[in-house]
Protein chains: 2
Amino acid sequence: MQRRNTYQRTVIYEILRGTDSHPTADWIYEKVKQVIPNISLGTVYRNLRVLKEEGLIIELNDGKQSRFDARTDNHYHFKCTNCERIYDIDKENVVDVDVSALKQSGFSVEKIDITFSGICNICNVGEN
Amino acid sequence: MQRRNTYQRTVIYEILRGTDSHPTADWIYEKVKQVIPNISLGTVYRNLRVLKEEGLIIELNDGKQSRFDARTDNHYHFKCTNCERIYDIDKENVVDVDVSALKQSGFSVEKIDITFSGICNICNVGEN
DNA sequence: CTATGTGCAAAGTGTTTGCAAATTT
DNA sequence: AAATTTGCAAACACTTTGCACATAG
């Protein structure tokens with residue numbers, strides 16, 4: 001299937017690139033509506049799937065909702081159990097993963113997803 | 001709220017303890033029906049929530065479905081992208097996580113969830 | 001021109017809930 | 001006896017889809 005460059009898809013992608021808040025489809029829908037008032041939620045979902053297939057965004061599993069992230073390099077996440085914010089965590093200096101034991105058992109590791117949870121710096125200082 | 005020991009809850013818990021397949025609520029429902037034919041799916045969901053609240057089981061986020069696990073000690077998971085099986089991975093000798101950088105930024109880490117994905121040993125050998 | 005994408009509304013999927021009857025303590 | 005739990009069905013929240021029209025290439 002050969003893809004077209006639609007205005008809707010461009011706007012959705014740009015909105016996602018402009019935030020680091022790991023938004024839900026619905027949040028994105030509300031934002032896009034400010035630019036394209038008559039866009040439909042179905043179009044947002046369809047384009048998020050396309051962007052994901054093209055590797056331009058990733059999808060995060062957060063409970064029953066999906067969240068989306070235009071940052072596609074390998075990084076981890078921290079979810080605050082108080083304010084529910086999701087933070088990006090650079091992999092450097094945080095996690096040292098040794099998958100040799102898995103390899104020896106015959107498992108090929110392609111991806112490592114890590115989610116930390118706890119209380120974020122904002123909530124710890126009591127500003128939330 | 002003070003809890004009662006119902007037959008339904010006991011059966012659900014024992015079924016979950018008897019598998020390491022990280023089943024969905026629906027899979028558990030089908031299994032419980034073999035013992036309690038007229039149990040309802042709502043009861044399964046309610047009891048899974050209770051068991052989770054009591055810390056007897058944990059809930060895993062796997063796409064849009066929840067999966068459940070009676071193993072509550074700290075361990076990680078491997079999901080095969082071919083057969084969709086989910087394996088338990090002992091934390092020892094696999095991952096060395098250093099959260100001091102997070103602590104210094106004011107984040108309190110309470111939990112670390114890690115999911116590896118790739119091809120499992122069974123699929124790699126071509127038996128699936 | 002034609003295949004791809006859109007808006008809309010309806011349908012789908014997994015989970016939760018209100019209620020009257022049943023059960024545990 | 002009193003409070004919790006159950007079965008049932010309806011309601012829910014999020015996501016997907018069928019269709020006729022619109023649009024990009």
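Keep in mind that what you see is a predicted model, and the values were worked out from it rather than measured. We use all heavy atoms of the structure for the numbers below, so side chains are in, but hydrogens, waters and symmetry mates are not.
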Are B:Phe116 and A:Phe107 an aromatic pair, judged by ring center distance below 6.0 Å?
no
Nearest-angstrom distance from the residue atom OH of B:Tyr29 to C1' of C:dT16
15 Å
One thing to verify: whether B:Arg3 and B:Glu53 come together as a salt bridge, which I'm taking to mean a side-chain N less than 4.0 angstrom from a carboxylate O.
yes
Would a distance-only check, ignoring hydrogens and angles, find a side-chain to backbone donor-acceptor pair under 3.5 Å from B:His75 to B:Asp88?
no
Side chains of A:Asp113 and B:Ser117: do they bring a donor and an acceptor to under 3.5 Å?
no
How would nucleotides 16-25 of chain D be written as a contact map, 5' to 3', with B for base contact, S for sugar-phosphate-only contact and - for no contact, using protein heavy atoms under 4.0 Å?
BBB----BBS
Between B:His77 and B:Asp69, do the side chains contain a donor N or O and an acceptor N or O under 3.5 Å apart?
yes
In whole angstrom, give the distance that lies between atom CD of B:Gln65 and atom C1' of D:dC14.
14 Å
A:Tyr7 and A:Val32: same hydrophobic cluster, using ILVMFWY side-chain contacts below 4.5 Å?
yes
What is the separation between atom CG on B:Asn47 and atom C1' on D:dT6, rounded to the nearest whole Å?
9 Å
Rounded to the nearest Å, what distance is computed from the CG atom of residue A:Asn61 to the P atom of nucleotide D:dC14?
14 Å
Shortest side-chain distance from B:Ser40, nucleotide among D:dT5, D:dC8, C:dG7
D:dC8
Starting from C1' on D:dT4, measure out to CD on B:Glu53 and report it in whole angstrom.
14 Å
Just call it for B:Asn38: base, sugar-phosphate, or nothing, with non-hydrogen atoms closer than 4.0 Å on any strand.
sugar-phosphate
Could you tell me the separation between the NZ atom of B:Lys52 and the C1' atom of C:dT16, rounded to a whole number of Å?
14 Å
Starting from P on C:dT15, measure out to CG on B:Leu60 and report it in whole angstrom.
12 Å
Ignoring backbone atoms, establish whether B:Ser66 has a side-chain N or O less than 4.0 Å from OP1 or OP2 of C:dT15.
yes
Is it the case that the side chain of A:Thr81 and the backbone of A:Gly118 share a donor-acceptor pair, with hydrogens and angles ignored and the cut-off at 3.5 Å?
yes
If you check every side-chain atom of B:Ile36, which of C:dG7, D:dG7, D:dT5 has the closest atom?
D:dG7
Separation of D:dC14 atom P from A:Leu48 atom CG, nearest Å, is 15 Å
